[in-house]
Amino acid sequence: MLAFAASFLPLGQSFYPGGFGEPASTQVTVPAQFVATSFAVALRHHVFSLSETLLWPLALWGAPLVLAALGIGVLLAPIRRLRARTRILGLLLVVLGAAFVILMCLAHQSPFFGSQGAILTLTYGPVVGLLGYLSALVGIIRLPARSGSAATQG
């Protein structure tokens, strides 16, 4: 759930120094705001691209919510044995989510994406997101893999 909550925290800041009679300004980037705004614009203008309407929300919110659902499912039914494919799905979602957070950080730090002349800094949002994925990884690795016979006897 930390990775999901991190999507609503600031990713980074872009500081534009003043000059030529213009005041200095700071722009804060929040991933959830960007995804929601691009999704609303796509709906308003009936321009549906795969990245704006499906991939960004799925990568930002889908992976953490599915990981949370897997964790809650295991906690509510501890007798059942955790299958290898469930662990592989969890590991895949952790890698996908962590790679997406790192990609967002690299995109924010790159002057190629429209931040020419700005001083770019990262804030605590990516750290919280990566901590969430790290805790999910630890949970996936440390979950008890009980055998079917031991679970039915106990």
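For the single chain, residues carry numbers from 1 onward in sequence order. All values derive from a computational prediction rather than experimental measurement.
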**Message:** Which Ile, Leu, Val, Met, Phe, Trp or Tyr residues join V30 in one cluster when any pair of side-chain heavy atoms under 4.5 Å counts as a link?
**Reply:** V28
**Asked** Where do V94 and Y133 come nearest, in terms of heavy atoms and distance?
**Response** CG1-O, 3.7 Å
**Message:** Restricting to side chain to side chain contact (heavy atoms under 4.5 Å, CB included), what partner residues turn up for F8, sequence neighbours left out?
**Reply:** F4, A32, W61
Tell me which donor-acceptor pairs under 3.5 Å the side chains of residues 120-132 have, and how far apart each pair is, sequence neighbours excluded?
residue: T123; atom: OG1; partner: P10; partner atom: O; Å: 2.4
residue: T123; atom: OG1; partner: L11; partner atom: O; Å: 3.2

**Message:** Applying side chain to side chain contact (heavy atoms under 4.5 Å, CB included), can you list everything that pairs with I88, at least two apart in sequence or on another chain?
**Reply:** none
**Fill in**
Hits for side chain to side chain contact (heavy atoms under 4.5 Å, CB included) against L89, two or more places apart or cross-chain, chain-then-number order -> L70, L93
**Request:** Give the other cluster members for V95, using side-chain heavy-atom distances under 4.5 Å between Ile, Leu, Val, Met, Phe, Trp and Tyr residues; answer none if it is isolated.
**Result:** none
**Asked** Rounded to the nearest 0.5 Å, how far apart are CG of L96 and CG of L67?
**Response** 9.5 Å
**Request:** Could you pull out the closest heavy-atom pair between I141 and R87, with the gap in Å?
**Result:** O-NH1, 3.5 Å
**Item:** Results of side chain to side chain contact (heavy atoms under 4.5 Å, CB included) for S135 - residues two or more places apart only
**Value:** none
